[in-house]
Amino acid sequence: MYEPIRTKSVHSQADDAPFPHRSREEALDMQLAAHLAALLAVTDELGLDGEGDRIAGQVARLRGTPPVRHASLSDAPRPALHRRAHALAGRALVVAASRADTAAAILAAERMDAHTAALASPAPLVEAA
């Protein structure tokens, strides 16, 4: 009635692939570290050293090595930097929540709140930690 399957399963062929495989946890760790590293770059550009140190600590925990830090100034206006940092913190929060990383999620949420407050402030956008 049915013809037998003559080829190997796609799943068994993939296991013999010559490239390394990553688990979902490893992929999420890499993605979270990348989002936090991008947030670190914007945070350093804003001159927020204390907050940058906290973010760098999380990146180092995820990657196993401390991140390279330098404040390359883009001459972007501070409101634009705060909006970019808010968006990056939001992405980090989503990934941290999906991998159940409480420390990174709390840090990302705090950074989102701080950048929201900085954007809402009538003062000339001096960061409120």
Side-chain angles (χ1 to χ4, degrees):
M1 184 168 194
Y2 292 106
E3 184 174 339
I5 298 173
R6 295 184 181 157
T7 60
K8 289 178 74 177
S9 167
V10 175
H11 301 290
S12 65
Q13 289 176 354
D15 293 340
D16 298 333
F19 53 88
H21 297 284
R22 290 193 180 95
S23 69
R24 175 169 161 64
E25 305 302 325
E26 291 170 328
L28 287 173
D29 282 349
M30 290 172 43
Q31 188 177 18
L32 179 57
H35 288 313
L36 289 174
L39 177 60
L40 176 61
V42 177
T43 302
D44 283 347
E45 188 170 352
L46 284 165
L48 307 172
D49 295 330
E51 294 306 317
D53 292 342
R54 290 182 60 210
I55 297 168
Q58 290 296 320
V59 174
R61 178 180 61 83
L62 291 164
R63 287 188 179 162
T65 60
V68 176
R69 293 178 70 176
H70 63 87
S72 59
L73 303 177
S74 65
D75 295 328
R78 286 186 73 82
L81 291 173
H82 282 291
R83 282 190 292 277
R84 186 179 312 151
H86 184 273
L88 289 166
R91 291 181 189 127
L93 178 59
V94 169
V95 177
S98 71
R99 70 177 294 277
D101 187 334
T102 306
I106 290 170
L107 175 64
E110 289 173 355
R111 296 316 311 145
M112 287 181 71
D113 289 345
H115 293 295
T116 299
L119 286 167
S121 171
L125 289 179
V126 175
E127 178 64 14

According to a 4.5 Å side-chain heavy-atom criterion applied to Ile, Leu, Val, Met, Phe, Trp and Tyr, with indirect links allowed, do I55 and L93 form part of one hydrophobic cluster? no
Between V42 and A85, what is the shortest heavy-atom contact and its length? CG1-CB, 3.7 Å
If you measure from CG on L107 to CD on E51, what distance do you get to the nearest 0.5 Å? 7.0 Å
When clusters are formed by joining ILVMFWY residues with side-chain heavy atoms under 4.5 Å apart, either directly or through shared neighbours, do L48 and L40 land in the same one? yes
Shortest non-hydrogen contact between A34 and R63, atoms and distance: CA-NH2, 4.2 Å
P79 and L119: which non-hydrogen atoms are nearest, and at how many Å? O-CD2, 3.6 Å
Search all heavy atoms of A56 against all heavy atoms of R69 and return the closest pair with its distance. CB-NH1, 3.9 Å
So which atom in G52 and which in D44 form the shortest heavy-atom distance, rounded to 0.1 Å? CA-OD1, 4.2 Å
Sub-3.5 Å donor-acceptor pair from the side chain of S121 to the main-chain atoms of A118, do we have one? no
How long is the gap from OG1 on T43 to NE2 on H82, to the nearest 0.5 Å? 9.5 Å
Cluster overlap V95 with L36, hydrophobic side-chain contacts below 4.5 Å: yes
Using a 3.5 Å distance criterion without hydrogens, assess whether the side chain of E45 forms a donor-acceptor pair with backbone atoms of S74. yes
Residues P67 and V59: closest non-hydrogen pair is CB-CG1, 3.8 Å
Output, in order, the C-alpha distance, side-chain angles, deciding distance and verdict of side chain to side chain contact (heavy atoms under 4.5 Å, CB included) for R99 and L62. CA-CA 12 Å; R99 70 177 294 277; L62 291 164; 3.9 Å; yes
Check against salt bridge (charged side-chain N to carboxylate O under 4.0 Å, His left out), R61 and D29: CA-CA 10 Å; R61 178 180 61 83; D29 282 349; over 6 Å; no
From CA spacing to verdict: side chain to side chain contact (heavy atoms under 4.5 Å, CB included), L46, H115: CA-CA 11 Å; L46 284 165; H115 293 295; 3.7 Å; yes
